[in-house]
Amino acid sequence: MEDPSPPLQSPTPSKVSMQNGPPPRVRGAPRPRLLLQGQRRSGKSSISSVVFHKMPPTETLFLESTTRIQKEPVNTFMDFQVWDFPGQIDYNDGTFDLEAIFSDTGALIYVIDAQDEYLEALTRLHQTIITIQRFNPSINVEVFIHKVDGLSDDFKLDTQRDIVQRTTDELADLGFDSVHINYHLTSIYDHSIFEAFSKVIQKLLPELGTLENLLNGLVSNCRIEKAFLFDVLSKIYVATDSSPVDVQSYEICSDYIDVVLDMTEIYGYDRGDSSEVSTVEESKSSMGSTNAEDWSLPDQSSVMKLQNGMVLFLREINKFLALICIMRKESFEKRGLIDYNVQVFQQALEKVFELHR
Ligand SMILES: Nc1nc2c(ncn2[C@@H]2O[C@H](COP(=O)(O)OP(=O)(O)OP(=O)(O)O)[C@@H](O)[C@H]2O)c(=O)[nH]1
C-alpha cells in the first residue's frame, strides 16, 4: 500500500466523528431494541464491548460474567438499545414481564459458542423462539454461531449445517415452521462480527431500499466498483450498493476507517464541540440527524491508492456517516464528476432522513 495522499479538499483531515457528542434524538422516541442472549460465556458481552466500545478482543478475556440484564443505549447514526442477558436467566420463572421485554424488540441475537458443546444452547434457543412468537411474531431472529476463529473452514460449515438442521426440524415438529431465522458465523477476532451486526441493523432500517438505490446510482454514474455507507463509530455498514459484498472489500474499507480515525485523533483540528447540540431541547430524529449543523460540515475526504491499481476514497457524509468507495485508478481520474455526484448523494441522504422523521 502506498502512503495515503493528503486529503484533497482539506489541509488536514477532520475528526470524522469521534470528537462529537452523542447524536441528538427525539425525546421519548422509542429506540429499536436488540436482545443479546445465549448460554453463559458464549461471548455476548464481548460482542457488545468490541462492536460498540472498541474494546480490543483480547481484553474480553477479563470481562466478568453478567449477572443482571444490562440495558445499554447505543448512540450511533441510529439510536438503539442493546440488552445483554445473563446466560443463566430463565424467563419462565414468572418474575419477568415477557410482553414488555419482547413486544417491541427489533431483533433477537442468539449467541452460540461453536467451540463448545451446543445442544443445550440449541434447546434454549428453540424455547426462546417459541416464547417470543407469542409476543412478537415479526421479530428478526439472528443466530450468531460464534467463536469460529478456532475452527477449520470445513468444521465451521458442518457446525452451521448441523445447527440449521436441528433448529429447522425442531421448530417444524412443534408447528413453528414459518419462523425465519438468519445464521451468521462470527468471531470478535476478525471482521465477521461487524459484518453480522451490519446485516442485523440494516434490517431495522426502513430507509434501506432507498439508500441502496442511491448508492446504485452513485456507483453507476462514477464507475465505482463498490460503495459502502459506514457508521463511523461502530464500523457497521448501514448500506451498500447491490453488487455482492466480498469480505475483502468490506475488510479493507473497515480498516481504512480505523486508519483515518487514528490519523484524525492525532492530527485533526478541533471543529468545536457540537455536543452542546444534544443538550438543547430540540425535536430531532433518532435516525440520521437532520440538524443543519450536522449536515453542513465542510467536506472532508481522504484517498488511498492501493498497489493493485485500485483507489479507496472516503468522504464524510455527516458527523456519523462516511461513504467509502473502491474504484479503479482510471475512474478516479474524473474527480470532478465524483465530487459532484457525491454531493448530490449527500443532499439526497439528507432529504431521505428528513422524510422519515
Ligand atoms: N475465541 C474466541 N473467544 C471469544 C470470542 N468472543 C468471546 N470470547 C471469549 O469468551 C469468553 C466469555 O465471553 P463473555 O463475553 O464474558 O460471555 P457472556 O456470554 O457475556 O457470558 P455471561 O456474562 O456469563 O452470560 C471470554 O473469555 C471471551 O474472551 C470469540 O469470538 N472467539
Side-chain angles (χ1 to χ4, degrees), residues 33-74 80-93 95-96 98 101-102 105 107-129 131-132 141-160 162-163 167 181-201 234-236 247 250-251 254-255 258:
R33 191 185 307 148
L34 304 180
L35 305 185
L36 263 177
Q37 298 192 2
Q39 299 284 89
R40 290 188 72 159
R41 313 300 290 158
S42 56
K44 302 176 292 294
S45 310
S46 308
I47 292 174
S48 165
S49 307
V50 169
V51 175
F52 298 113
H53 300 289
K54 300 208 167 288
M55 180 182 275
T58 44
E59 281 182 25
T60 62
L61 290 167
F62 310 109
L63 282 176
E64 287 184 8
S65 197
T66 313
T67 50
R68 35 196 286 273
I69 301 177
Q70 306 271 356
K71 300 177 183 176
E72 192 184 5
V74 177
F80 54 92
Q81 288 182 65
V82 176
W83 287 19
D84 181 357
F85 281 67
Q88 68 280 14
I89 207 163
D90 178 10
Y91 313 118
N92 297 319
D93 66 2
T95 55
F96 292 95
L98 298 183
I101 295 177
F102 295 126
T105 294
L108 165 75
I109 299 175
Y110 195 90
V111 184
I112 296 178
D113 182 347
Q115 292 188 10
D116 199 5
E117 178 51 60
Y118 53 74
L119 288 183
E120 202 187 321
L122 281 184
T123 309
R124 293 291 296 269
L125 167 66
H126 304 152
Q127 285 165 356
T128 308
I129 292 174
T131 307
I132 287 188
V141 181
E142 312 280 346
V143 175
F144 284 10
I145 302 169
H146 191 53
K147 305 193 190 179
V148 292
D149 45 279
L151 311 180
S152 69
D153 284 348
D154 284 349
F155 195 79
K156 274 184 215 176
L157 294 177
D158 284 349
T159 307
Q160 177 168 8
D162 187 46
I163 289 176
T167 304
I181 305 172
N182 304 294
Y183 297 87
H184 311 261
L185 291 165
T186 57
S187 164
I188 53 169
Y189 288 98
D190 57 34
H191 294 84
S192 57
I193 193 64
F194 294 95
E195 213 191 340
F197 243 104
S198 302
K199 291 181 178 151
V200 172
I201 298 290
S234 61
K235 291 199 296 174
I236 285 171
V247 183
Y250 170 71
E251 285 178 356
S254 169
D255 287 345
D258 281 337

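Counting starts at 1 for both ligands and their atoms, in listed order.
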Enquirer: Quick one: which ligand 1 atoms are inside 4.0 Å of a heavy atom on Gln115?
Expert: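 That gives atoms 1 (N) of ligand 1.
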Enquirer: Using every non-hydrogen atom in the two residues, find where Asp113 and Tyr118 come nearest and quote the distance to one decimal.
Expert: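 Heavy atoms only, the tightest pair is O-CB, 4.3 Å.
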Enquirer: Go through ligand 1 atom by atom and flag the ones less than 4.0 Å from a non-hydrogen atom of Leu61.
Expert: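 This gives 27 (O), 29 (O) as the contact atoms.
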Enquirer: Just to confirm my output: which protein heavy-atom neighbour is closest to atom 21 (O) of ligand 1, and how far is it?
Expert: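 Going by distance alone, atom 21 (O) of ligand 1 is nearest to Arg41 N, 3.0 Å.
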Enquirer: I would like to know whether Leu122 and Leu125 meet side-chain contact (heavy atoms from CB on, under 4.5 Å); could you show each step before the answer?
Expert: CA-CA 5 Å; Leu122 281 184; Leu125 167 66; 4.1 Å; yes
Enquirer: Can you find a heavy atom in the side chain of Tyr189 that is under 4.5 Å from one in the side chain of Thr58?
Expert: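 Touching, per the 4.5 Å side-chain cut-off.
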Enquirer: Which residue supplies the protein heavy atom nearest to atom 18 (P) of ligand 1, what is that atom called, and how far is it?
Expert: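 Nearest neighbour among protein heavy atoms for atom 18 (P) of ligand 1, to 0.1 Å: Lys44 N, 3.5 Å.
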Enquirer: Which heavy atom of Lys147 sits nearest to which heavy atom of Arg41, and what is that distance?
Expert: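 Nearest pair, atom of Lys147 first, then Arg41: NZ-O, 2.8 Å.
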Enquirer: Any nitrogen or oxygen of Pro57 lying under 3.5 Å from a nitrogen or oxygen in ligand 1? Just yes or no.
Expert: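 For ligand 1, there is no N or O atom that lies under 3.5 Å from one belonging to Pro57.
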Enquirer: With a 4.0 Å cut-off on heavy atoms, is Ser42 in contact with ligand 1?
Expert: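 Within the 4.0 Å threshold, so yes.
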Enquirer: What atoms of ligand 1 come within less than 4.0 Å of a heavy atom belonging to Ser187?
Expert: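 It comes down to these atoms of ligand 1: 31 (O).
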Enquirer: Applying ring pair (Phe, Tyr, Trp, His ring centres under 6.0 Å), name anything that partners His126, two or more places apart in sequence or on another chain.
Expert: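 In terms of ring pair (Phe, Tyr, Trp, His ring centres under 6.0 Å), with neighbours along the sequence ignored, His126 is linked to no residue.
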Enquirer: Cut-off 3.5 Å, no hydrogens considered: what does the side-chain donor-acceptor table look like for residues 192-200, sequence neighbours left out?
Expert:
residue	atom	partner	partner atom	Å
Ser192	OG	Ser187	N	2.9
Ser192	OG	Ser187	O	3.3
Ser192	OG	Asp190	OD1	2.4
Ser198	OG	Phe194	O	2.7
Ser198	OG	Tyr237	N	2.9

Enquirer: Which atoms of ligand 1 have any heavy atom of Ser65 under 4.0 Å away?
Expert: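 Heavy-atom distances to Ser65 below 4.0 Å select 22 (P), 23 (O), 24 (O).
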Enquirer: As a quick check of understanding, evaluate side-chain contact (heavy atoms from CB on, under 4.5 Å) for Ile201 and Leu34, giving each step before the final call.
Expert: CA-CA 9 Å; Ile201 298 290; Leu34 304 180; 3.8 Å; yes
Enquirer: Look only at the side chain of Lys44 and the backbone of Gly38, and say whether a donor-acceptor pair between them is shorter than 3.5 Å.
Expert: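 Here the side-chain-to-backbone pair exists.
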Enquirer: What is the closest protein heavy atom to atom 3 (N) of ligand 1, and at what distance does it sit?
Expert: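 Looking at atom 3 (N) of ligand 1, the protein heavy atom closest to it is Lys147 CD, 3.7 Å.
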Enquirer: Measuring from atom 28 (C) of ligand 1, which candidate in Ile188, Asp190, Thr60 has the nearest non-hydrogen atom?
Expert: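 Ranked by closest heavy atom to atom 28 (C) of ligand 1, first place is Thr60.
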Enquirer: With heavy atoms of Asp149 as the reference, note each atom of ligand 1 found under 4.0 Å away.
Expert: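 Numbered from 1, ligand 1 contributes 1 (N), 2 (C), 30 (C), 31 (O), 32 (N).
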Enquirer: Tell me whether Ser46 has any N or O atom under 3.5 angstrom from an N or O of ligand 1.
Expert: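 Yes; the residue has a nitrogen or oxygen that sits under 3.5 Å from a nitrogen or oxygen of the ligand.
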